[in-house]
Structures are given as structure tokens and as C-alpha cells.
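To find a chain, count down the sequence lines: A is the first, B the second, and so on, and within it residues start at 1.
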Amino acid sequence: MPELPEVETIRRSLEPRLTDRRIVSARFLSPLAAGGHPEELSAQLCGERITGLDRLGKHLLIRLANGTLDIHLRMTGKLLWNVPPGFYARAVLSLDQGHVVFDDIRQFGRMRWLPPGIDPPNLGPDALGLDFGTFSARLGGRRGSLKALLLNQSVVAGLGNIYVDEALFCARIHPLCAAAHLGRRRLRRLHQAVADVLADALAAGGSSISDYVNAEGAPGSFQLRHQVYGRAGEPCLCCGAPLRRIFVAQRGTHFCPRCQRR
DNA sequence: TGGAATGTTCGGCT
DNA sequence: AAGCCGAACATTCC
């Protein structure tokens with residue numbers, strides 16, 4: 001499940017291979033991958049020169065001489081460098097040197113073109129490198145649960161189910177806790193926890209739960225260091241209490257009932 | 001065997 | 001406004 005650390009890992013590995021390359025053709029094996037308009041998107045990409053790669057939240061932004069190719073991998077999307085397109089290949093970007101395969105089992109992932117100067121709308125500030133002032137201003141006074149707010153991409157961009165659970169455990173804060181009555185000290189702790197978890201995950205090349213791999217086909221290793229995610233029923237690595245799994249905002253939520261009091 | 005669970009986003013509804 | 005819910009999709013797991 002590509003969240004910020006996974007998308008950033010992909011961005012870093014693809015950036016040197018794609019920058020200054022020219023898109024020779026964009027072939028869509030599934031129209032869904034192009035938002036239902038494969039011919040139009042193909043025409044927008046064909047012949048374009050790639051000037052660089054950015055990331056905003058979970059969006060990978062391939063900057064073109066004219067506009068941006070915005071890629072969202074959603075749940076099972078992968079970008080693979082120079083592999084033969086497999087059964088689940090949904091698009092192939094052929095460059096003047098090499099090609100990128102957009103592979104996506106469940107077909108939730110999307111590619112779209114954005115005009116010059118336009119970034120994906122409705123996104124809050126990127127979670128990576130977010131300063132405390134902005135972080136507290138985004139969360140402060142809001143009534144929803146921390147879990148729901150941190151998952152909301154218009155509040156903060158880039159966190160998904162895994163890293164929200166891990167960050168809340170790291171800060172020892174209950175996922176159902178309302179942002180509005182979070183004191184400054186705990187807000188500080190949460191901000192630090194988000195930064196720490198993202199940095200560690202990035203250094204480990206992200207988390208591979210079911211099928212995430214980077215552009216070279218290699219898995220990440222941060223799943224080996226998850227404290228709570230996917231560990232319901234197992235002992236808390238801090239206090240030994242059995243970890244719990246509840247539903248918050250329609251999402252499986254993992255936490256330690258002893259370390260993370262409400 | 002089939003129904004639920006998996007997780008991200010969006011749109012519709014309240 | 002903000003939250004809840006289902007839909008999009010395919011595979012895995014009981």
C-alpha cells in the first residue's frame with residue numbers, strides 16, 4: 001500500500017532514469033488507468049520531455065515540458081522500470097531510453113495530466129518535513145478523531161493507514177482522541193512521532209505488506225519494524241499487553257490499550 | 001463455497 | 001461543515 005515513504009522511494013529511484021528523457025509513447029492496456037480517456041492522455045504525453053520528478057503526499061508528479069503527469073498508485077499500483085509488461089500491466093510509458101510499466105492488480109490507481117502550474121487539488125501540506133506550526137494549525141481545534149484527521153489528505157498529505165497507526169503508537173496517543181482537546185505537549189509528541197516514523201520508514205525503503213515493491217522490483221523492510229500495524233492480539237513491544245484492533249473511520253486501527261490511553 | 005476483509009479516494013447523503 | 005457510507009476492483013482467506 002503505497003503511502004508517502006513508498007512513493008518517495010519510487011520517486012528517488014526513477015528520478016535519475018526519467019529526467020531529461022522523452023516519452024515516445026504511452027500505451028494504456030486498461031482505460032481505467034487513464035481515468036477513462038486513454039487516447040486523450042496518450043496524446044498529451046506523447047513526445048513530451050520529462051524535466052523532473054516531484055511528490056506531493058501520495059501523488060507522484062512527473063514534470064513535463066508542458067504540464068505534469070500525476071500518478072496515484074492507490075492500493076496495489078506499482079511503477080516498474082524496464083520489465084516486460086505482465087498480466088496486470090495497465091499502462092506502458094516508453095521513453096527514448098527504457099520504459100516504465102504501470103502495474104495495478106485492483107485497478108484503483110490513476111494517471112492524469114495536469115496543466116502547467118497546476119498541482120493535484122485538495123491536498124494539505126506534505127507530511128514529510130512538515131514544521132510544527134503548520135502541523136498544529138492544521139489539526140488544532142478540529143473535532144474529529146486523530147485517526148480520521150491524519151488519514152484525511154486535505155488535512156495533511158501522505159499518511160495512510162499504516163503510518164497513522166505507527167505514529168499514534170509512537171506518540172502514545174489513542175487513535176480516537178479528538179484533536180481539539182490535545183494539549184500542546186501531546187501535539188508536540190505527535191508531530192515528532194510522524195517525523196520519526198516517516199524518516200525511519202523512508203530509510204528502510206518503505207513497508208511491504210502484501211505486494212509493494214519499488215521501481216527496481218525490491219521490497220521495503222519497514223514492515224519488520226512495525227510496532228502495531230498488523231499485530232493485533234500480539235504483545236505490545238513496549239508493555240506486553242495484547243494489542244487491539246478496532247474500526248475507526250471505517251479503517252482497521254491497531255493500538256496498545258495500555259500505552260495509548262484515551 | 002461464498003462472503004468478508006483488505007485500504008484509498010470520491011461522491012452522495014444526512 | 002463534517003461525518004458516515006457505499007462504490008470502484010481483484011485477490012486472499014476462512
Distance to the ring centre below 6.0 angstrom and angle to the axis at most 45 degrees; does that hold for A:Arg90 and A:Tyr88?
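The answer is no; the distance or angle limit is not met.
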
Ring of A:Phe132, cation from A:Arg188 - is the NZ or CZ under 6.0 Å from the centre and inside 45° of the axis?
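Yes - A:Arg188 lies over the ring of A:Phe132, closer than 6.0 Å to its centre and within 45° of its axis.
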
Please give, in whole Å, the distance from [N] [atom2] to [X] [atom1]?
X        : N     : atom1 : atom2 : value
A:Asn122 : B:dT9 : CG    : P     : 12 Å
A:Ile246 : B:dA5 : CD1   : P     : 16 Å
A:Asn152 : C:dA2 : CG    : C1'   : 10 Å
A:His254 : B:dA5 : NE2   : P     : 13 Å
A:Asn161 : B:dA5 : CG    : P     : 15 Å
A:Leu139 : C:dA2 : CG    : C1'   : 15 Å
A:Arg74  : C:dA8 : CZ    : C1'   : 8 Å
A:Leu159 : B:dT9 : CG    : P     : 10 Å

Just compare [options] and give me whichever is closest to any side-chain atom of [X].
X        : options               : result
A:Arg106 : C:dT11, B:dC10, C:dC9 : C:dC9
A:His72  : B:dT9, C:dA10, B:dT6  : B:dT9
A:Arg142 : B:dT6, C:dA10, C:dA2  : C:dA2

Give me the one residue out of A:Asp126, A:Asp70, A:Thr68, A:Asp119 that meets side chain to side chain donor-acceptor pair (under 3.5 Å) with A:His59.
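Among A:Asp126, A:Asp70, A:Thr68, A:Asp119, the one meeting side chain to side chain donor-acceptor pair (under 3.5 Å) with A:His59 is A:Asp70.
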
Would you tell me if any nitrogen or oxygen in the side chain of [X] comes within less than 4.0 Å of OP1 or OP2 on [N]?
X        : N     : value
A:Gln153 : B:dT9 : yes
A:Tyr88  : C:dC9 : no
A:Gln250 : C:dG6 : no

Main-chain N/O of A:Gly252 paired with A:Asn161 side-chain donor or acceptor, under 3.5 Å
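Yes, A:Asn161 side chain to A:Gly252 backbone: donor-acceptor pair under 3.5 Å.
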
A:Gln260 (side chain) donor-acceptor with A:Ile173 (main chain) under 3.5 angstrom:
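Yes; at least one donor-acceptor contact below 3.5 Å.
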
Between C:dC9 and B:dT1, how many Å separate the two P atoms, rounded to a whole number?
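About 26 Å, rounded to a whole number of Å.
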
Describe the nucleic acid contact of A:Gly109 in one word from base, sugar-phosphate, nothing, applying a heavy-atom distance below 4.0 Å.
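Contact class for A:Gly109: none.
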
Report which part of the nucleic acid A:Tyr212 touches: base, sugar-phosphate, or nothing (heavy-atom distance under 4.0 Å, all strands).
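Since no nucleic acid heavy atom lies under 4.0 Å of A:Tyr212, the category is nothing.
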
Tell me which nucleotide, if any, is Watson-Crick or G-U wobble paired with C:dA2 when both distances must be under 3.5 Å.
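Its partner is B:dT14 (Watson-Crick or G-U wobble, both distances under 3.5 Å).
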
